[in-house]
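No experiment lies behind these values; they were computed from the predicted model shown.
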Amino acid sequence: MCEECDKSQDGQEQLHRLRHSLAHIMAEAVLELRPNAKLAFGPPVEFGFYYDFDFGGEPLGEADLPEIEKRMELILRKNAPFERGEMPLAEALAWFEERGETYKAEYARELVETGKAGGGSLSFYTSGGFTDMCEGPHLERTGQVPRGCFKLDRISGSYWRGDEKRPMLTRIYALAFASKDELKDYIARRKLAMERDHRKLGDELDLFIQDADVGVGFPLWMPNGTVLRDELEKWAKEEEFLAGFQRVTTPSVARGALYLRSGHLPYYKDSMFPPMLVDENDEYYLRPMNCPHHHKVYAARPRSYRELPLRLAEYGNDFRYEKHGSLSGLLRVRAMTMNDAHIYCTPEQVEEEFHSVIQMYQKYYAHLRLGNFRVRLSLHDPDSDKFVADHEAWDQSETAVRQVLHNLGVAYEEERGEAAFYGPKVDIQIKNLMGREETVSTCQLDFVMAERFDLTYADRDGQRKRPYILHRAPLSTHERMISFLIEFYGGAFPTWMAPVQVRLVPVSADFAPYAAELQERLCGDFFRVETDDSEESFNKKIRNAVTRKIPNVWVVGAKEQEDRTVTWRRYCVKEQVTVAFDKAFDALKDMRAARAMDNFADTALPLG
RNA sequence: GCUGGCGUAGCUCAGUAGGUAGAGCAGCUGACUUGUAAUCAGCAGGUCGGGGGUUCGAUUCCCUUCGCCAGCUCCA
């Protein structure tokens, strides 16, 4: 239950004990308020701990948290020891039955049946008047809990054993750290992080909106946000061109027959919008992904091995009926645009193609300076019916993908049951500000669809053979990628992406003509420039430019006009420099051409 | 979809123990013409998320619905 904690380090070990112990204390306090509540699980987690309860008909609200905290303090003051005990299964079950602890009883049975409970007996910890089945470890005494080191955070729901068909429990989350100061630090950092929430910044910087009449999960991209999409897309198209991809354009709607053939209808119907009935018995669907369309492009002509690898790319619009409660800003939407491509290749080409794709995402991530991700090798689960049954193919393809990661020296974690139904994949997982982890990029090896779509190529020996298919989306969807970029950059984009690349600020109206001349030069070279010709005070103009997080502010006044210079004020950089306009213009062009990440300190001052 | 919480002006928030609401910022108008993060004044802006109920009267109480937030489930 405690995988989240790294037990190898002493401090972590102690923190783990602390959180684990506090979970017991909290349960004891909660039981004082709700004696009939049933206990479920109460493990330590990344920033504290939680405990799940079934309150039956007498739920608890956030208003009750202070009372629980107060009772916890009283319990801690008693300085009771944590004492370990053991019970054989039968005795434990009787003990649970007496107390109506059905969840604990279920888990006890499972522990013994699966052999996880050593010697068939179960360990219990008692502190004061509270006893809980628990593996431990714990502190020695409740008095070892530092004063003020924890805080009950929030209440939410969770399913028993994570299964939506089983009872919904009430989860109380608490923050807990080794000291009061560390707790305060964490709370302060979390508050600061919230300032970078992409939904908040998206609104403040006019990047995107959502409208109830349009529908939830259907973001409307404002002009500023559309610049971000367009710049990413432009970059991707260049990279894909250089990597030998060809672009295709396919519709966002298709007949049901297409998804029956692909297998998406039986597998993913719940995640698709319901069909539109056109004529009799002719159903059309909004597409949840582009793959089947691309397969049809492949299938449209007889293919030769000479054409392979055939790489078809499209920034495709897709629609998924995500559950209402899982929608969140741009992070999880129902309409998205994906940096998609499918690579059709021979078995011999699989590793090299996969290798190149992973290198492409490494290039993107390094350039964008996204470092806070983990690589997941998503494997199938032989015990699940979610995956196509072909053990040999799974074996081969998983081995091939693992080999690619190994050859590239990529650090990764393997996870069972996370594969696509048609093959293994490599996923790039990023956590957002709230700690919610989502897949951004993915690269999948597909050994199924070529068969389903009867895709073939004529090989050197004249035989018709099945290609392998790689599905890849290194830049994810615009929606998800940009949500992470907004938060990671705090809304301060590098010049090449920035919605407004330069704002000209004349010191007074007298210098408007000079500013206009500069603006015309810059716009003529396709720079996104605007001049602040408002009648605000100069200070206010500077403030406005800064709060809009515009990367380059060029101030022009009397001396600039006379010397044909600009005073270049970079976003959040104190030093500024007055340079000849031509020189500044050239520097700007260089930054754009290199897609310089001038929103980072090391490249913040292009002129040294 | 489920559990809990929250919806007052474009934004951030105040307020009403039931008697139809107020500030700052943003916007508009005017004055000021400014050298590095908020010049001053005036004006305008809200069926207090929507619908129903209780009441002489509802933004306030009740029901319902929509939206938002956190978590669970699910997923790019």
Whole-angstrom distance between [N] and [M], as gauged at atom [atom1]:
{"N": "B:U16", "M": "B:C72", "atom1": "C1'", "result": "37 Å"}
{"N": "B:G19", "M": "B:C48", "atom1": "P", "result": "15 Å"}
{"N": "B:C40", "M": "B:U33", "atom1": "P", "result": "16 Å"}
{"N": "B:G45", "M": "B:G22", "atom1": "P", "result": "13 Å"}
{"N": "B:G1", "M": "B:U59", "atom1": "C1'", "result": "31 Å"}
{"N": "B:G49", "M": "B:U60", "atom1": "P", "result": "8 Å"}
{"N": "B:A58", "M": "B:G51", "atom1": "C1'", "result": "14 Å"}
{"N": "B:G46", "M": "B:G10", "atom1": "C1'", "result": "12 Å"}

Which nucleotide, if any, forms a Watson-Crick or G-U wobble pair with [N], using both distances under 3.5 Å?
{"N": "B:A37", "value": "none"}
{"N": "B:C32", "value": "none"}
{"N": "B:C6", "value": "B:G67"}
{"N": "B:C13", "value": "B:G22"}
{"N": "B:U55", "value": "none"}
{"N": "B:G45", "value": "none"}

* Asked: When the nearest nucleotide of RNA chain B is assigned to A:Q576 and to A:I428 on a heavy-atom basis, which residue is associated with the more 5' position?
  -> A:Q576
* Asked: Does A:N539 or A:E322 map to a spot on RNA chain B nearer the 5' end, using the closest nucleotide for each?
  -> A:N539
[X] near the nucleic acid: base, sugar-phosphate alone, or nothing, with a heavy-atom cut-off under 4.0 Å?
{"X": "A:E535", "value": "base"}
{"X": "A:K425", "value": "sugar-phosphate"}
{"X": "A:S441", "value": "nothing"}
{"X": "A:R548", "value": "nothing"}
{"X": "A:V553", "value": "nothing"}
{"X": "A:T439", "value": "sugar-phosphate"}
{"X": "A:E560", "value": "base"}
{"X": "A:R569", "value": "base"}
{"X": "A:S476", "value": "sugar-phosphate"}
{"X": "A:A545", "value": "nothing"}
{"X": "A:K541", "value": "nothing"}
{"X": "A:G162", "value": "sugar-phosphate"}
{"X": "A:Y50", "value": "nothing"}
{"X": "A:V505", "value": "nothing"}

* **Contact interval (first through last nucleotide) of RNA chain B with protein chain A, 4.0 Å heavy-atom** => B:G1 to B:A76
* Does A:G61 offer a backbone N or O that forms a donor-acceptor pair with the side chain of A:D64 under 3.5 Å? -> yes
* Would you confirm whether A:R34, through its side chain, and A:L60, through its main-chain N or O, come within 3.5 Å as a donor-acceptor pair? => no
* **Partners passing side chain to side chain donor-acceptor pair (under 3.5 Å) against A:T531 (at least two apart in sequence or in another chain)** => A:Q519
[X]: what forms a side-chain contact (heavy atoms from CB on, under 4.5 Å) with it, not counting sequence neighbours?
{"X": "A:T565", "result": "A:E560, A:D563, A:T578"}
{"X": "A:M168", "result": "A:Y159"}
{"X": "A:R161", "result": "A:F41, A:E106, A:Y107, A:E110, A:R166"}

N/O donor to acceptor pairs below 3.5 angstrom from side-chain atoms of residues 186-194 of chain A, sequence neighbours left out:
unit_1 : atom_1 : unit_2 : atom_2 : d
A:R190 : NH1    : A:D153 : OD2    : 3.0
A:R190 : NH2    : A:D153 : OD1    : 2.9

* **Side-chain H-bond candidate by donor/acceptor type, A:T250 with A:E314, under 3.5 Å** => yes
* Would you verify whether the NZ or CZ of A:R19 falls within 45 degrees of the ring axis of A:F49 while also being under 6.0 Å from that six-membered ring's centre? => no
